[in-house]
Amino acid sequence: MMSLSTTFARLLGASVLASGLGLGAALAQEVTLKLHQMLPAQAPVPALVLQPWMDKISAESGGRIAFEHFPAMQLGGKPPELVDQVKDGVADIIWTLPGYTPGRFPRTEVIELPFLVNDAESASRALYQLGEKYMFDTEYADYKVLALFTHGPGLFHSAKPITTPADLAGVKLRAPTRVTNMMVTALGATAVGMPVPAVPEALSKGVIDATMLPWEVTGGLKVAELVKNHTEFTGKAMYVGAFLIAMNKEKYNALPDDLKAVIDANSGLEFSALAGKLSQEADAKARQIAVDLGNNIIQLDAAQSAVWEEAAKPTYEAWIAETAAAGFDGQAILNDAQTLLAQ
């Protein structure tokens, strides 16, 4: 398998070659873009997606675009505030989860419905295409969307083993999205909302008994040192979370056309699919940490996973009813999502 660094290196080399260095390598820097996000710079998405992406754009612009990277909320505020920071110009570009601001991006929730997707690359490709059709002119109208993608399959990480839906009864559980909150609440858990950076302290202090996360996030958060049980599913992912990379619309519009073209060439459908792929590939390293610690990795087989999938069906019904009340056709979006994911 091609390494993550090799993937970006080849893309970078091919892109620079194709451009013929038409922007000129010696031109002076014209614009500096502030990128703000919630996790440390060494976390998988910042290290494997965001930093190579910034480097690639800087190279293809001949140095005319530079970046200032502010990880771990260094510009201030809390993760749910990122969408307003980029809208208001506090940051020029942000990476965040739309689900941190429930109600703001309701159409995006379709990809977060339980047991819908198989992998992050196909989910990310489908999500971006759904964005083009349903979201960019509605819930993202105030932003320049650069990417919409997902992480790899989410799973339970818990103090006590979770094998069946009945095991959620009474569990204080950090669920990452509004629709996963709906699912686990219906199954008897007490859903506790919080951004990812707050999870380790909440686990260590007993504020929560369990959390739902993809493997790739758990390494930096040291989740495998805080809880000893991890429940994996066979087949479709229990859930995935949607990620957004967005730019301040006025900042983008103020760029000269050739620099807009550099941003555009490194954004959109293929970048979204690649970001999802790289995010999921980072799962293996974090999972190995739990293996090396001797933790209990519960691998549910197809029949056991099917029980969970059946138990999650009311979440679909509730979500579709909510979208109708909100004035848009969630069933149509879901139908298109299922069609795209099957391709």
Side-chain angles (χ1 to χ4, degrees), residues 97-99 108-124 126-127 149-169 171-194 196 199 203 208-218 221 223-224 227 229-243 276 279-284 286-287 290 295-319 334 337-338 341-342:
L97 286 87
T108 307
E109 291 178 339
V110 66
I111 208 70
E112 298 174 336
L113 287 166
F115 302 100
L116 178 67
V117 309
N118 290 307
D119 66 275
E121 183 175 5
S122 64
S124 300
L127 177 58
F149 65 104
T150 79
H151 55 62
L155 61 149
F156 292 119
H157 309 271
S158 56
K160 295 181 179 179
I162 295 174
T163 303
T164 71
D167 293 332
L168 289 182
V171 173
K172 295 177 292 183
L173 174 64
R174 182 264 179 186
T177 67
R178 201 180 67 85
V179 290
T180 52
N181 274 328
M182 292 165 60
M183 178 184 74
V184 300
T185 299
L187 296 176
T190 299
V192 182
M194 65 184 68
V196 164
V199 167
L203 284 172
I208 56 175
D209 308 310
T211 185
M212 300 164 72
L213 290 169
W215 277 116
E216 57 106 348
V217 178
T218 63
L221 299 180
V223 169
V227 295
N229 300 283
H230 314 273
T231 305
E232 299 180 327
F233 293 79
T234 295
K236 293 179 180 177
M238 176 177 62
Y239 86 96
V240 295
F243 288 132
S279 179
Q280 183 165 342
E281 286 182 359
D283 285 346
R287 185 183 188 277
N295 287 6
N296 179 30
I297 298 180
I298 303 162
Q299 296 178 299
L300 302 183
D301 62 24
Q304 291 171 306
S305 298
V307 172
W308 283 90
E309 186 170 351
E310 183 66 25
K313 283 184 177 179
T315 303
Y316 282 68
E317 298 164 6
W319 184 78
L334 175 59
Q338 291 170 325
L341 289 164

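Since the structure is predicted, the reported quantities are computational estimates derived from the model, not experimental observations.
Counting only heavy atoms from C-beta outward, the side chains of Met212 and Met183 approach each other to under 4.5 Å. You'll find the side chain of Leu173 stays beyond 4.5 Å of the side chain of Ile208, heavy atoms only. Contact check for Asp167 versus Ser158: no side-chain heavy atoms found under the 4.5 Å cut-off. Looking at Thr163 and Thr231, their side chains never come closer than 4.5 Å, going by heavy atoms from C-beta outward. Side-chain contact between Val196 and Leu221 is present, with heavy atoms from C-beta onward closer than 4.5 Å. Side-chain atoms of Phe156 and Ile298, non-hydrogen and from C-beta on, never get closer than 4.5 Å to each other. For the pair Thr234 and Leu300, the minimum side-chain heavy-atom distance is 4.5 Å or more. Phe233 has its side chain out of reach of Pro114: every pair of non-hydrogen atoms, C-beta onward, lies at least 4.5 Å apart.
Residues Pro165 and Trp308 share a closest heavy-atom pair of N-CZ2, 3.4 Å. Closest approach of Ala242 to Leu127, counting heavy atoms only: CB-CD2, 3.9 Å. Shortest non-hydrogen contact noted between Ser279 and Gly152 is OG-N, 4.3 Å. Smallest separation of non-hydrogen atoms from Val240 and Ala237: CG1-CB, 4.2 Å. When all heavy atoms are compared, the tightest approach of Ala224 to Asn295 is O-ND2, 2.9 Å. Closest non-hydrogen pair, Ala290 versus Ile297, comes out as CB-CD1, 4.4 Å.
Aromatic ring orientation, Phe243 versus Phe149: tilted (interplanar angle from 30° to 60°).
Put simply, the side chain of Asn229 gets close to the backbone of Ala159: a donor and an acceptor are under 3.5 Å apart. A distance-only check finds no donor-acceptor pair linking the side chain of Glu112 to the backbone of Gly241 [under 3.5 Å]. A distance-only check finds a donor-acceptor pair linking the side chain of Asp209 to the backbone of Lys172 [under 3.5 Å]. When atom types are taken as modelled, the side chain of Ser122 and the backbone of Leu341 share no donor-acceptor pair closer than 3.5 angstrom. At distances below 3.5 Å, not a single donor-acceptor pair connects side-chain atoms of Tyr316 with backbone N or O atoms of Leu334. Formation of a donor-acceptor pair under 3.5 Å by the Arg174 side chain with backbone atoms of Met194 is found in this model. In terms of modelled atom types and a separation under 3.5 Å, the side chain of Trp215 and the main chain of Gly154 share no donor-acceptor contact. Using modelled atom types, no side-chain atom of Glu310 and backbone atom of Val307 make a donor-acceptor pair closer than 3.5 Å.
Trp319 CH2 to Glu109 CD: the interatomic distance, rounded to the nearest 0.5 Å, is 7.0 Å. The distance from the CG atom of Leu113 to the OH atom of Tyr239 is 14.0 Å, given to the nearest 0.5 Å. To the nearest 0.5 Å, the span separating CG on Leu213 from OG1 on Thr218 amounts to 7.0 Å. Here NE2 of His151 is found 7.5 Å from CD of Glu216. Values are rounded to the nearest 0.5 Å.
Contact check on Arg287 versus Glu232 returns a salt bridge, with a Lys/Arg side-chain nitrogen under 4.0 Å from an Asp/Glu carboxylate oxygen.
Asn118 meets the side chain to side chain contact (heavy atoms under 4.5 Å, CB included) test with Lys236; sequence neighbours excluded. With sequence neighbours left out, Thr180 forms a side chain to side chain donor-acceptor pair (under 3.5 Å) with Thr177.
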Inset, instruction - Start with the C-alpha distance between Glu121 and Gln280, add both sets of side-chain angles, then the distance that settles side chain to side chain contact (heavy atoms under 4.5 Å, CB included), and finish with yes or no. - result: CA-CA 8 Å; Glu121 183 175 5; Gln280 183 165 342; over 6 Å; no
Inset, instruction - Just do the side chain to side chain contact (heavy atoms under 4.5 Å, CB included) check on Gln338 and Leu116 with the steps written out, would you? - result: CA-CA 8 Å; Gln338 291 170 325; Leu116 178 67; 3.9 Å; yes
